[in-house]
Each structure stands twice: as structure tokens, then as C-alpha cells.
Amino acid sequence: MANPVEQFKIQPLVPIEVGGVNLSFTNSALFMVVSVVLVTAFLTLSVRGRAMIPGRWQSLAEILYEFVANMIRDNVGSEGRKYFPFIFSLFMFVLFGNLLGMVPYTFTYTSHIIVTFGLAVVVFIGVTIIGFARHGAGYLRMFFPHGAPLATAVILVPIELISYCSRPFSLAIRLFANMTVGHIILKVMGGFVVALGVFGIVPMAFLGGVTILEFGIAVLQAYVFAILSCIYLHDAIHMH
């Protein structure tokens, strides 16, 4: 049975080194580009006709559009509409990355914490900048709940600060861990099915069910990443 962790190995496709820094174009970077191209092609070709009675692809594109728009409206409010392009792009990038990784011989870039942490840091820095831009120094009230006794500031401020700064870590680890564990389970179970040969019919049927479940998790994790980003954005705009 092949090493289940081998599928996560980053391999340089075009070696590039500048000033001692490795900037090689890797298999991870390749599938990020593929994902962006697929998202762009899907959205462009789906809505190109702008039919009054949409076909299957246009309907799917409109469903995704409305899904993210409703997510922002429900969790951020009307003031969140201007941030729709960012949240929608984030959702589609994670979604296509998760689903693309389910295709045999591809690479799941969302299974690497450096990628998920990079996305999470962008969200974290973005909402922090928005918070200070809208509220100025008043945004610091985020770290001291309204109505709390002043004497508790020594305890509450550090707790709130740690909680706030842990957001990018929890956001990154959640996506990375779910995608990594799911793919390892599929690889291990697939190895057992192959090793069992003709006796692997029942495990193979079970593997099919797990694969369907993993597709569901791929979609769910993209949703969770996007909705948590919306919640953080809500805090930056409205404060809690």
C-alpha cells in the first residue's frame, strides 16, 4: 500500500531560485492556477448567454452567486455588499481547490497549512484594517466587552486579545485538518481494497460512501471558511 502522506508532497515543476530564495513553480502552484482558470471559465461561460430561462450551468452559477450573497446579507448586513467580490472569490477558490483535489492524480492545495494560513491571514488583516478604518481607536473596544467592570480589564483584555489573534489559526487549521485527514482516510482505505483483491468488494462499496461523504465535506469546509470570514467581517463593521 502506497504511503498515504505521499499525496501531499510538494514537488517543484519549474525550479526558480532568486537570491538564495526558492521561488520554484510547484505542483501546488500549478493546481492553484488551474483552479483560478476553472472558476473564471465556469463563471464566464455560464453567464455569457444571459438567458431569461437559464440552462444547467447558468443555474448553477446563479445558485452559487445567490448563496454567497445571502450568506453576506444574513451575517454581515447590507453594509457587507461591497465586500461580496472578495468573499465570493475566497469561497470559489477554496471550493474548487477542495473539489479539484478529489480528482485522481491531482493535488489538494488546501491540505497544506501554509496555503490555508495564508488565506486566513489575508482575512484577518483585512477585517482588522476595516475595523480600524471604520471605528478608529474605538475599535479597541473589541477587547473590552461593553458594561464590564473596569477592574476586570486586566483579565478580560488579554483573553479577548488572545481570542482575536487566534482567529487566523483556527480558520487555517480547521480547513487544513479536515482536507488532510479526509484524503489520508481515502488513501488508506483504497490501499486495503486493492490489497484484498476479490475480497475487497464490501470495503469498496464502503469506500464509495466515504468518497461521497468527502465531497460533502469539501463543499462544507468551503462554506465554513466563507461564513467565518463573514462573521469576522461583521465584528469589524458592527463590533460586538
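If you're wondering where the values come from, they're calculated on a predicted model, not measured in any experiment.
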- Message: With rounding to the nearest 0.5 angstrom, report the CD1 to OG1 distance, I185 to T211.
- Response: 11.0 Å
- So, T116 side chain and A172 main chain: donor-acceptor pair closer than 3.5 Å or not? yes
- Can you find a pair of side-chain heavy atoms, one from M102 and one from F215, that are under 4.5 Å apart? yes
- Query: Looking only at heavy atoms, what is the nearest atom pair of P158 and A153, with distance?
  - Reply: CD-O, 3.7 Å
- Message: Over 60° means perpendicular and under 30° means parallel, so tell me whether F117 and F169 are parallel, tilted or perpendicular.
- Response: tilted
- Message: Quick one: does any side-chain atom of H135 pair with a main-chain N or O of I237 as donor and acceptor, under 3.5 Å?
- Response: yes
- Message: Could you walk me through whether H183 and T108 satisfy the side-chain hydrogen bond (donor to acceptor under 3.5 Å, both in side chains) test, starting with their C-alpha distance in whole Å, then the side-chain angles of each, then the deciding distance to 0.1 Å, before giving a yes or no?
- Response: CA-CA 9 Å; H183 283 285; T108 314; 3.3 Å; yes
- Item | Plane angle bin for F8 and H112 - parallel if under 30°, tilted between 30 and 60°, otherwise perpendicular | perpendicular
- Run the numbers on L171 and S229 for side chain to side chain contact (heavy atoms under 4.5 Å, CB included), then give the verdict. CA-CA 9 Å; L171 196 59; S229 300; 4.2 Å; yes
- Any side-chain heavy atom of Q221 sitting closer than 4.5 Å to one from V94? no
- Note on the structure: Shortest non-hydrogen pair, F124 vs P168, comes out as CD1-CD, 3.6 Å
- Message: Between E160 and R141 (salt bridge meaning N to carboxylate O under 4.0 Å), is one present in this structure?
- Response: no
- Message: Using 0.5 Å steps for rounding, measure from the CG atom of N98 to the CZ atom of F93.
- Response: 10.0 Å
- Query: Would L95 and Y223 satisfy side chain to side chain contact (heavy atoms under 4.5 Å, CB included), going step by step from the backbone distance to the final call?
  - Reply: CA-CA 8 Å; L95 177 64; Y223 166 74; over 6 Å; no
- Query: Are the aromatic rings of F31 and Y109 close, with centres under 6.0 Å apart?
  - Reply: no
- Message: For the CG atom of L13 and the OG1 atom of T26, what is their distance to the nearest 0.5 Å?
- Response: 6.5 Å
- Item | H238 side chain reached by E79 side chain, heavy atoms, under 4.5 Å | yes
- Message: Working note: T128 + Y164, criterion side chain to side chain contact (heavy atoms under 4.5 Å, CB included); need CA distance, chi angles, decisive distance, verdict.
- Response: CA-CA 10 Å; T128 302; Y164 186 82; 2.7 Å; yes
- Item | Other residues, nucleotides, ligands: >12 heavy atoms within 6.0 Å of I114 CD1 | no
- Exercise: identify the closest heavy-atom pair between V36 and T40: O-OG1, 2.8 Å
- Message: Tell me whether S170 contacts the main-chain N or O of R167 through its side chain, where contact means a donor paired with an acceptor under 3.5 Å.
- Response: yes
- How far does CE of M92 sit from CG of L90, to the nearest 0.5 angstrom? 11.5 Å
- Is there a path from V34 to V14 through hydrophobic residues (I, L, V, M, F, W, Y) whose side chains come within less than 4.5 Å of each other? yes
- Please lay out, stage by stage, how L233 and I130 fare under the test side chain to side chain contact (heavy atoms under 4.5 Å, CB included). CA-CA 8 Å; L233 184 59; I130 291 169; 3.6 Å; yes
- Strictly under 6.0 Å, is that where the ring centroids of F96 and F91 end up? no
- Item | Rounded distance (nearest 0.5 Å) linking atom CD of Q58 with atom CG of L43 | 11.5 Å
- Can you find a heavy atom in the side chain of V115 that is under 4.5 Å from one in the side chain of M32? yes
- Is the backbone N or O of P149 less than 3.5 Å from a side-chain atom of T152, with the two atoms forming a donor-acceptor pair by type? yes
- Query: Are Y65 and F84 an aromatic pair by the rule of ring centers under 6.0 Å?
  - Reply: yes
- Kindly work out whether a path of hydrophobic side-chain contacts (I/L/V/M/F/W/Y, heavy atoms less than 4.5 Å apart) joins Y232 to V122. yes
- Query: Shared ILVMFWY cluster between I217 and V219, side chains joined below 4.5 angstrom?
  - Reply: no
- Item | ILVMFWY cluster, V154 and I162 together (side-chain gap under 4.5 Å) | no
- Query: Should we count CD1 of I16 as having more than 12 external heavy atoms under 6.0 Å?
  - Reply: yes
- Task: Can you label the angle between the F42 ring and the W57 ring as parallel, tilted or perpendicular, going by 30° and 60°?
- Result: perpendicular
- Considering all heavy atoms, the nearest T180-S111 contact: OG1-O, 3.0 Å
- Over all heavy atoms of both residues, which pair between G182 and E214 is shortest? Give the atoms and the distance, please. CA-OE1, 3.3 Å
- So, the side chain of N27 versus the backbone of I10: is there a donor-acceptor pair under 3.5 Å, distance only? no
- State whether the number of non-hydrogen atoms from other residues, nucleotides or ligands found under 6.0 Å of R134 atom CZ is greater than 12. yes
- Message: Using the rule that Ile, Leu, Val, Met, Phe, Trp and Tyr join whenever any side-chain heavy atoms are under 4.5 Å apart, tell me whether F88 and L45 fall into a single cluster.
- Response: no
- Message: What I'd like to find out is whether the side chain of V127 reaches to under 4.5 Å of the side chain of D235, using heavy atoms alone.
- Response: no
- If you look at every heavy atom in R174 and V224, which pair is closest and at what distance? CD-CG1, 3.6 Å
- Any donor-acceptor pair under 3.5 Å linking the side chain of S24 with the backbone of P12? no
- Message: I want to know whether H234 and Y83 have ring centres closer than 6.0 Å.
- Response: no
- Item | Under 3.5 Å: donor-acceptor pair, side chain of S163, backbone of I159 | no
- Message: So, taking the atom named CZ in F225 and the one named OG1 in T110, what distance separates them when rounded to the nearest 0.5 Å?
- Response: 10.0 Å
